[in-house]
Amino acid sequence: MKKVTLTTLIIFFIICGALGLSLLFNNSSSIADTQKVKNTEVAGDVSKDFIIKSPDVKNLLLTTNTTKTFGLTIQELSKHSTPNDCYLGISGNVYDVSSYISRHPGGRRTITENCGKEVTSIFARIHSNRAWDILKKYKVDSLNTSTNTNAFDILDNLKQALQKANPTAEIIDVRPRSDYFLAKILLDNKLYEVHINSNGDIFNEEVDFKEPDWNLWQQDTDDK
Amino acid sequence: MSRFFYNKGWSLVIFLSLFPIPLWFLSNEPINSISILPDIGEILALVGIVIFAINFILATRLSVIENLFNGLNNVYDKHNILGQLALILLLFHPIFLIPKYSPNIKEAAQFIFFSNVWARNLGIFSLYLMIILIILTIYLRPKYNIWKLTHKVLGFAFLLGAIHAFTIPSVVMENKLLSAYIMLFCVLGILSFLYRSIFSNFLVKTSKYTIEKIIKLNNSITEITFKNVGKGINYLPGQFLFASFIQNGVSKESHPFSITSAPEEENLKIAVKSLGDYTKDLNSKLVVGSQVFIEGPFGKFTYSNYKNKKQLWVAGGIGVTPFVSMAKNLIKNQDYQIVFFYCVRNIKEAVYKNVFEFIQSKLPNSFKLQMVYSDETGRADADQILALVQDSADRDIFICAPVLMIKGLRQGFIQKGINKSKIHSEEFSF
């Protein structure tokens with residue numbers, strides 16, 4: 001028994017040492033495993049065989065404001081800020097987690113302190129895919145983050161159009177870039193990052209096969 | 001019979017420690033190829049924490065536990081194995097979680113080194129504490145004081161580990177049955193620890209005695225006679241006790257000693273052999289009149305627990321002590337037929353020879369003494385003993401001796417065709 005224990009201890013310390021050493025020598029390899037499947041750098045070079053379907057934006061006109069309103073606004077969200085009536089805004093959706101607070105493995109306080117707030121960054125930093133699955137059950141509405149400026153409405157509209165074109169995917173976020181839009185999409189347990197031009201065509205798609213790590217993903221150098 | 005009881009405790013431990021596994025499967029999606037390693041890591045932690053808790057429960061020395069394992073020495077034997085097993089399982093727990101974050105070495109390292117997630121840090125700190133303490137325990141065994149201290153701190157490590165289990169975000173712990181099961185063991189483990197290590201002075205029942213007589217039997221062996229102040233303990237011949245001596249210059253920690261008196265004697269007696277610092281202190285510093293707190297009795301090494309009245313007893317060195325008590329008790333149980341091999345190096349070491357000779361003269365039909373001096377005739381082995389006892393196949397065999405001698409004799413007897421279940425032994429390995 002002593003020998004088994006000793007062997008295990010040695011294995012443990014070897015792994016500790018290996019990890020420690022790789023930490024020292026490998027500080028910048030955090031995105032090493034992201035696999036680039038298709039990458040056509042020139043905007044406008046449209047390819048049809050991306051997995052994510054291009055959104056249909058004919059009726060939306062990405063450059064004009066549409067006045068259609070949907071979902072709860074940030075102001076409305078903030079009214080549900082008590083543990084008994086606790087809404088959380090996470091990646092464009094609103095969740096009523098009041099009944100879940102007592103079961104939260106990370107403790108009551110982490111939720112109750114954030115009731116009525118938009119907490120995507122906090123939530124995504126900590127939680128696994130399983131947690132996202134659990135969260136789905138508590139969805140009550142979508143979150144309207146528009147502040148009456150055109151840009152936000154465009155993003156929301158593009159997001160909806162993307163969702164329509166890819167009904168089984170989860171559209172996590174759409175952000176504007178200098179001359180295109182960047183969308184982050186979860187489909188079949190894979191993370192996609194697609195670049196969309198102003199015609200609504202996807203011209204670049206990256207996929208990460210590994211279980212998505214949200215921290216890692218947000219540091220993707222391509223986003224800057 | 002003894003095997004059955006022995007297995008009862010051990011099977012119960014195995015059942016209880018594996019029980020979280022079916023619960024885990026009830027509360028989780030089936031294992032898939034992506035999550036297999038983290039899932040194993042989770043299961044290892046659950047089983048590990050239950051075994052860790054069980055180990056504290058075993059160490060309470062409660063009679064229920066002793067009965068399940070057929071003797072306290074068996075309990076401590078399993079306690080020793082389980083402690084190391086829990087450490088092994090818990091060591092692999094963070095290692096199996098690493099692949100979850102394998103693309104990112106920084107994230108992966110957070111499972112072994114500290115980070116800003118305090119719930120995880122608790123677990124890591126608890127694990128490091130456990131590593132240090134168990135290494136100290138295994139490799140510094142003879143230092144009884146250090147051993148006691150490390151066990152106290154282990155309770156603290158367990159507490160941290162338990163807090164970690166319930167504060168770390170984990171989906172499985174949402175299963176009420178599983179988390180209740182783990183909680184039950186955490187609470188039992190901590191209560192057991194508090195009972196045995198922290199509040200033992202108030203909670204553990206002890207009997208008060210004073211030292212009445214101290215007799216030096218030879219250079220290294222002393223017999224101490226106690227006089228009971230209160231009610232005293234009720235014991236069977238062959239049992240042992242834990243004694244804590246209240247005297248300047250002697251550690252107050254309680255230590256195990258064999259009883260050498262028979263239950264029908266007026267006074268309780270033990271024999272102490274100078275082996276370590278503590279027993280040397282006892283032999284040189286104890287004085288008549290000092291107070292002693294005695295906990296016990298413990299042990300199932302009693303000849304009258306077995307129906308077979310034809311028995312073969314083998315003692316090696318200081319292992320003679322339980323036989324002193326049992327031989328004296330034979331005067332009340334004259335229907336037994338005992339052949340007793342008293343194995344020592346030389347006549348100087350045979351401190352109880354006169355007691356056995358006296359009993360042999362009183363009970364010539366039921367007690368036969370056979371001295372073996374290893375300086376003259378070499379170490380006693382199974383062949384040598386069996387050659388001198390014709391009807392050995394009919395007899396139950398009792399051995400109390402140093403660990404290696406027990407091992408050798410046991411193997412020898414089994415090779416000669418003696419049924420395992422008829423060999424009973426006791427060693428002091430804790």
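Note on naming: letters A, B, ... go to the chains in the order of the sequence lines (proteins, then strands), and numbering restarts at 1 for each one. Model, not experiment: these values are computed from the prediction.
If you take CG on B:L89 and OG1 on A:T8, they are separated by 9.0 Å, rounding to the nearest 0.5 Å. Atoms OG1 and CD1, from A:T5 and B:I131 in turn, are 11.5 Å apart once rounded to the nearest 0.5 Å.
Across all their heavy atoms, A:C16 and B:F113 have their closest contact at O-CZ, 3.3 Å. Shortest non-hydrogen contact noted between A:F12 and B:P94 is CE1-CG, 4.1 Å.
Residue B:I95 touches chain A through its side chain alone, counting heavy-atom pairs closer than 4.5 Å. With a threshold of 4.5 angstrom between heavy atoms, B:L127 approaches chain A through side-chain atoms but not through N, CA, C or O. Of the two parts of B:I88, the backbone and the side chain both hold a non-hydrogen atom closer than 4.5 Å to a non-hydrogen atom of chain A. Using a 4.5 Å cut-off between heavy atoms, B:I135 touches chain A through its side chain atoms alone.
Note: A:L9 leads A:L9, A:L6, A:T7 in heavy-atom pairs under 4.5 Å with chain B.
Residue-environment remark: CZ (B:F156) stays at or below the threshold of 12 foreign heavy atoms within 6.0 Å. Enclosure of atom CZ in B:F125 is not indicated, since only 12 or fewer non-hydrogen atoms of other residues, nucleotides or ligands lie within 6.0 angstrom.
Remark: B:C186 pairs with no residue by the disulfide bond (SG atoms under 2.5 Å apart) rule, at least two apart or across chains.
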